[in-house]
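Proteins come first, then strands; the chains are lettered A, B, ... in the order of their sequence lines, and each starts at number 1.
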Protein chains: 2
Amino acid sequence: MTDVKSGNNPLFLREEELRQSIELLFFAYRDFTAGPDAILKQYNFGRAHHRVIHFVGRNQGMTVSELLDILRITKQSLSRVLSTLIDRGYIEQRPGQRDRRQRLLFLTEKGQQLEQQVSQVQRELVAKAFREAGGDAVAGYRKVLAGLIDEKDRDKALGRIERR
Amino acid sequence: MTDVKSGNNPLFLREEELRQSIELLFFAYRDFTAGPDAILKQYNFGRAHHRVIHFVGRNQGMTVSELLDILRITKQSLSRVLSTLIDRGYIEQRPGQRDRRQRLLFLTEKGQQLEQQVSQVQRELVAKAFREAGGDAVAGYRKVLAGLIDEKDRDKALGRIERR
DNA sequence: AATATATGTCAACATGACTGACGTAAAATC
DNA sequence: GATTTTACGTCAGTCATGTTGACATATATT
C-alpha cells in the first residue's frame with residue numbers, strides 16, 4: 001500500500017511518519033485547549049487570560065518580566081489581559097521586597113478558584129489519556145515533547161516546569 | 001522535597017505530574033510553531049495560511065467543507081485566508097466531477113514549494129526530537145497524543161492522519 | 001417543483017497579537 | 001551625588017484571525 005507511493009525510496013516512510021506526528025500534535029493541541037476555552041468564555045476570558053492565570057498560579061509571586069519571557073508576547077499585549085484580570089479581582093500585585101520596582105503577581109482567592117476549575121478539566125483530559133496509554137507511553141510523551149522545546153532555552157523551560 | 005508540599009496526600013504527586021505534562025505541551029507547541037511562523041511571515045502569511053497549505057497539501061482535491069471541519073473555524077474565517085492564497089497563486093480550485101457544486105482544493109506548483117519549505121523545518125525539528133528520544137518514546141508520544149484527541153471524532157481524525 | 005446542500009459574500013464586531021514612543025520610580029553604577 | 005539602567009506602565013494605532021447573522025447562487029436530491 002505504502003509501496004505504491006514510496007516506490008523504493010527509503011526516506012518516504014520516515015517523512016510520512018513525521019508528517020503524521022506533526023498532524024497528531026495539531027489535533028491533540030486543538031482539543032487540549034478546547035475545554036478551558038469553553039469555560040473561560042463564560043467569564044469573557046480567552047486563551048490569553050488562561051495562560052496568565054495558569055502561570056501565575058504555578059508561580060505565585062512571579063515578576064511581570066518573567067511572565068513575559070514565558071509567554072513570548074510583548075508587554076503591551078500582556079498589559080491588557082493582565083489589567084483586566086487585576087480589575088476584575090483575579091490577580092493582585094504586590095511590590096517586591098528586595099526590589100520595589102517589581103510588581104509581583106499573585107492569584108487572589110477568586111483567581112485560585114478559577115484556576116482550579118479550569119485546570120481540573122484539563123488535568124482530567126490528560127489523566128484519561130495517560131491512563132489509557134500507560135506509564136511507558138507517558139515517559140515517551142514527555143521525552144519527545146521536551147525535545148521539541150527550543151534547545152536554547154530548553155533547560156530554562158524544563159527548570160520552570162520542575163522546580164516545585 | 002516534594003514531601004514538604006505533598007505531606008501525606010497521595011494525590012499530590014499525581015496532580016503535580018499532570019500539571020507538569022500540561023505545561024510541557026504548552027512549551028513544546030509554542031516552539032513547534034515558531035519555525036513555520038517565521039518563514040511564513042516573510043510571505044505575509046500567518047499560522048492560518050500555514051494550516052490551510054498543510055492540509056490541502058496532504059489532501060489534494062479536498063472539499064472546502066472537509067477543510068472547515070478539520071480546522072474548526074467558520075467559513076467566513078477561512079474565506080479570507082483561502083481567497084488570499086488563491087489570489088496569490090498558492091492554491092487553485094477546480095469544480096468537482098461528481099458534484100459540480102464543490103470547489104476542490106489543490107496546491108499549485110508554487111503552493112507545493114512553499115508547503116515543502118515550511119514543512120521541512122518542522123519535520124527536521126520533530127525528527128531531531130525523535131532521534132534523541134528513541135523509538136519507544138515516539139510510540140508513547142503518539143499514543144498519548146491520540147488519547148488527547150476528542151473521543152467523539154478521534155477515529156475520524158486518526159483516519160485522516162493515516163489514510164495515505 | 002420544492003427542498004437541501006456546497007460554497008461564497010457582505011457587514012459588523014471581538015480578541016489578542018504587534019510597533020514605537022514616552023513616563024516614572026527604583027536600583028545600580030560611575 | 002549624578003547618571004544610567006532596569007522594571008513596569010501606558011498611549012495610540014495597526015493587523016491577523018476569529019466570531020455571528022443574513023443572504024445569494026448553483027447544483028443535487030427528493
Side-chain angles (χ1 to χ4, degrees), chain A residues 26 29-30 33-34 36-56 61-88 91-106, chain B residues 26 29-30 33-34 36-56 61-88 91-106:
Chain A
F26 169 79
Y29 198 79
R30 183 191 66 177
T33 51
D37 282 357
I39 293 176
L40 287 157
K41 201 177 173 184
Q42 299 167 356
Y43 294 80
N44 280 314
F45 288 143
R47 202 172 290 181
H49 302 90
H50 178 202
R51 292 195 285 254
V52 170
I53 287 178
H54 171 89
F55 284 107
V56 172
M62 77 190 305
T63 66
V64 172
S65 13
E66 199 183 345
L67 184 54
L68 283 173
D69 186 44
I70 289 177
L71 298 178
R72 297 278 169 81
I73 58 176
T74 59
K75 62 178 172 174
Q76 294 78 358
S77 298
L78 175 59
S79 170
R80 258 181 321 206
V81 174
L82 195 52
S83 316
T84 311
L85 288 168
I86 291 168
D87 289 350
R88 292 180 47 191
I91 283 186
E92 65 173 330
Q93 292 183 311
R94 302 179 209 149
Q97 292 297 317
R98 287 181 316 223
D99 185 337
R100 289 192 337 239
R101 292 171 303 181
Q102 299 176 330
R103 318 280 171 91
L104 307 185
L105 303 171
F106 296 86
Chain B
F26 169 79
Y29 198 80
R30 183 191 67 178
T33 50
D37 283 357
I39 293 177
L40 288 157
K41 201 179 172 183
Q42 299 166 356
Y43 294 81
N44 279 315
F45 287 143
R47 202 171 290 181
H49 303 88
H50 179 202
R51 293 194 284 253
V52 171
I53 287 178
H54 171 89
F55 284 107
V56 173
M62 77 191 304
T63 67
V64 171
S65 14
E66 199 183 347
L67 185 53
L68 283 173
D69 185 45
I70 290 176
L71 298 178
R72 296 277 168 80
I73 57 177
T74 58
K75 61 178 173 174
Q76 293 79 359
S77 298
L78 175 60
S79 169
R80 257 178 322 207
V81 174
L82 195 52
S83 317
T84 311
L85 287 169
I86 291 168
D87 289 349
R88 290 180 47 191
I91 283 186
E92 66 173 329
Q93 292 183 310
R94 301 179 210 151
Q97 292 296 318
R98 285 181 316 225
D99 186 337
R100 289 192 337 238
R101 291 171 303 180
Q102 298 176 329
R103 317 284 170 89
L104 307 185
L105 303 171
F106 296 87

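The phosphate of C:dG8 (OP1 or OP2) has a side-chain N or O of B:Q93 nearer than 4.0 angstrom. Put simply, B:H49 has no side-chain N or O that comes within less than 4.0 Å of OP1 or OP2 on D:dA16.
The CZ-P distance, from B:R103 to D:dA28, rounds to 12 Å in whole Å. The distance from atom CD of A:Q76 to atom P of D:dG9 is 11 Å, rounded to the nearest whole Å. Look at NZ on A:K41: it is 6 Å from P on D:dT20, rounded to the nearest Å. Across the protein-nucleic acid pair, B:D99 atom CG and D:dT27 atom P stand 10 Å apart, rounded to whole Å. Between B:N44 atom CG and D:dT14 atom P there is a gap of 17 Å when expressed in whole angstrom units.
Checking B:R100 against B:F45, the closest nucleotide of DNA chain D that is more toward the 5' end is the one next to B:F45. Residue-to-nucleotide proximity on DNA chain C shows that, of A:R98 and A:R51, the 5′-proximal contact is made by A:R51. The residue among B:S77 and A:I86 whose nearest nucleotide of DNA chain D lies closer to the 5′ end is A:I86. Comparing A:G46 and A:K75 by the nucleotide of DNA chain C whose heavy atom lies nearest to each, the residue mapping closer to the 5' end is A:G46.
A distance-only check finds no donor-acceptor pair linking the side chain of A:R51 to the backbone of A:I70 [under 3.5 Å].
Relative to the ring axis of A:F45, A:R88 places its NZ or CZ within 45° and under 6.0 Å from the centre.
Residue contacts for B:R80: at a heavy-atom cut-off of 4.0 Å it reaches a base atom on one of the strands shown.
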